[in-house]
Amino acid sequence: MIFYKTLNNWYSNNKRELPWRKTANPYYIWLSEIILQQTQVAQGLPYYSAFVAEFPSVFDLANASESQVLKLWQGLGYYSRARNLHATAKYVANELNGKFPDNYKDLLKLKGVGDYTASAIASICFNEVAAVVDGNVYRVLSRYFGIDTPINTTKGNKEFKALAQELIDKKDPATFNQAIMEFGAMHCKPKNPNCDTCPFINSCIAYNKSEVENLPVKLKANKAKVKHFNFLVILSDDNQTVLEQRQGKGIWQNLYQFPLVETKNEVGFTEMKSLAETHQLLKDRSFELSLYNKESIVHKLSHQHLHTKFWIVKLEDELKSGVSIASVTDYAVPILIGNFIEAFNF
DNA sequence: AAATCGGGGCC
DNA sequence: GGCCCAGATTT
């Protein structure tokens, strides 16, 4: 049996109904693919619906402000995706008259579009024979063919890309790409795959060598670094607070946060008091300091564990350059800040 | 080639 | 607590 025939048969009987499967419009396919990068369908789905509703066309997205795009993206993570999404929308709307590139090579030039996304759009929208390789594809192929090359290496990427390009249904690349990903997500799962009912049970090398749970092979990630974040939640006499936009290179670029004091170690009240007294915003001002959360909130990211304290700074006078407390929910903030805003009774 | 970039779900 | 997710970009 030819690989893609078995796969397509499974897909036709088991695929989910998803909104981006009802269209081949490159704007909607592109939008869904960016949202779904490193993101499970269940998590991305409500964001896709919100973006389609708010920005029905690439021109609507292009005409929005970046802050509006980031606000709608809030909570989804990997915020460079949102910034690149907006930049690409402006490029397509203004330089390409709203028409997306119609082939892999040109799609690859768009900001935020790499090998996977260019292949997905080219195949789904334009029937180009370009195989996708995502986490699902790595898992399905490494198991079926018993390949133990680490997937997060250049060698592994090239090997699996070439293999997928051999296996793809040249007559219907769009269906093949979506089918192999759906099969990986729903059937050939990372944990507890459904081998008992698998249509590939007779030919899957990993199954027949009892190696399913050992594949794919992936080089271990480095341990996350611990950081200590202290946020100054300033409350003025005239119901204002201070939010600052994050600049520079690191996490949460262009999102808003309360003024941040990062420290080498966890700090207590006395140490924070003296840090606050010398802070640019609070110098020569009279305030009362209190700690919102006695135990640090540990916010875990892939490469950082943020031990976080929210310090309440009650000002005895007014604040000239703040924002009104009522408006804090208008700003795009990291979920760590958003959770605090929701829980804190302003 | 290795590190970085989020947040949620599963075990 | 570790691993994974319809990866891309920077270092």
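Chain letters run A, B, ... following the sequence lines, proteins first, then strands; residues in each count from 1. Source: prediction; values computed, not measured.
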Map A:Lys225 and A:His299 onto DNA chain B by nearest heavy atom, then report which one ends up closer to the 5' terminus. A:Lys225
Cationic tip of A:Lys171 above A:Tyr4 ring, under 6.0 Å, 45° of axis: no
A:Tyr78 or A:Thr153: which one's nearest nucleotide on DNA chain B is closer to the 5' end? A:Thr153
Please report, rounded to the nearest Å, how far the P atom of B:dG6 is from the CG atom of A:Leu306. 10 Å
Is A:Arg21 touching bases, backbone alone, or none of the nucleic acid, heavy atoms closer than 4.0 Å? base
Could you state the atom-to-atom distance from CG of A:Leu76 to P of B:dG8 in whole Å? 10 Å
Spell out, yes or no, whether A:Leu306 and A:Leu232 are grouped together once hydrophobic residues are joined by side-chain heavy atoms under 4.5 Å, including indirect joins. no
Picking from B:dG6, C:dC4, C:dA6, which would you name as closest to the side chain of A:Lys218? C:dC4
When you check the phosphate oxygens OP1 and OP2 of B:dA1, does a side-chain N or O of A:Thr154 lie under 4.0 Å from one of them? yes
Look at all strands and tell whether A:Ser80 reaches a base, only sugar-phosphate, or nothing, counting heavy atoms closer than 4.0 Å. nothing
Please confirm whether the backbone N or O of A:Ala224 pairs with a side-chain atom of A:Gln304, one donor and one acceptor, at under 3.5 Å? no
Heavy-atom donor-acceptor pair, A:Tyr116 side-chain to C:dG7 base, under 3.5 Å: no
Whole-Å distance separating the CH2 atom of A:Trp30 from the C1' atom of C:dA6: 16 Å
Interatomic distance at P, C:dA6 relative to B:dC11, whole Å: 15 Å
Can you measure A:Tyr11 atom OH to C:dA6 atom P for me and round it to whole angstrom units? 13 Å
Taking any heavy-atom pair under 4.0 Å as a contact, classify A:Trp20: base, sugar-phosphate, or nothing. base
Between B:dA3 and C:dC3, how many Å separate the two P atoms, rounded to a whole number? 15 Å
With a 3.5 Å cut-off and just heavy-atom distances, do the side chain of A:Arg81 and the base of C:dA6 make a donor-acceptor pair? no
Need one value for A:Gln304: base, sugar-phosphate or nothing, where a base atom within 4.0 Å counts as base even if backbone is also close, heavy atoms only. sugar-phosphate
Find the distance A:Leu255:CG to B:dG6:P and express it as a whole number of Å. 8 Å
Over all strands shown, is A:Asp115 touching base, sugar-phosphate only, or nothing at heavy-atom distances under 4.0 angstrom? sugar-phosphate
Of the candidate nucleotides B:dG6, C:dA6, B:dT4, which contains the atom at the shortest distance from the side chain of A:His303? B:dT4
Under 6.0 Å between the ring centres of A:Tyr292 and A:Phe344? yes
Considering only B:dC5, C:dC4, C:dA6, which nucleotide approaches the side chain of A:Ile251 most closely? B:dC5
What's the NZ-P distance between A:Lys300 and B:dC5, to the nearest Å? 18 Å
Could you tell me whether A:Ile35 contacts a base, only the sugar-phosphate backbone, or nothing, with contacts defined as non-hydrogen atoms closer than 4.0 Å? nothing
Position toward the 5' end of DNA chain C (nearest nucleotide), A:Asp134 or A:Lys191: A:Lys191
Counting the benzene-type ring for Trp, do A:Phe231 and A:Phe258 have ring centres under 6.0 Å apart? no
Please determine, for the side chain of A:Arg139, which listed nucleotide (B:dC5, B:dG8, C:dC4) has the closest atom? C:dC4
Contact class for A:Val41 (heavy atom, under 4.0 Å): base, sugar-phosphate, or nothing? sugar-phosphate
Assign A:Val113 to base, sugar-phosphate, or nothing according to its heavy-atom contacts below 4.0 angstrom with the strands shown. sugar-phosphate
For a quick check of understanding: with a heavy-atom distance under 4.0 Å over all strands, which category does A:Lys223 fall into, base, sugar-phosphate or nothing? nothing
Specify the residue among A:Ser32 and A:Leu108 whose closest nucleotide of DNA chain C lies further upstream toward the 5′ end. A:Ser32
Would you mind classifying the nucleic acid contact of A:Gly44 as base, sugar-phosphate or nothing, using non-hydrogen atoms under 4.0 angstrom? nothing
Within the 6.0 Å centroid threshold, strictly below: A:Phe200 and A:Trp10: no
Quick check on C:dG7: is either OP1 or OP2 less than 4.0 Å from any side-chain nitrogen or oxygen of A:Thr39? no
P atoms of C:dA8 and B:dG8, separation to the nearest Å: 22 Å
A:Thr117 (side chain) and C:dG7 (base): donor-acceptor pair under 3.5 Å: no
Are the side chain of A:Ser327 and the backbone of A:Asp330 linked by a donor-acceptor contact shorter than 3.5 Å? no
Which nucleotide in the list C:dC4, B:dT4, B:dA3 gets nearest to the side chain of A:Asn222? B:dA3
Remember a base hit wins even if backbone is also touched, and classify A:Gly75 as base, sugar-phosphate or nothing at under 4.0 Å, heavy atoms. sugar-phosphate
Taking the side chain from A:Lys161 and the backbone from A:Ala131, do they hold a donor-acceptor pair closer than 3.5 Å? yes
Within this structure, what is the OH-to-C1' distance between A:Tyr138 and C:dA6, rounded to whole angstrom? 13 Å
Report the distance from atom CG of A:Leu301 to atom C1' of B:dG8, rounded to the nearest whole Å. 12 Å
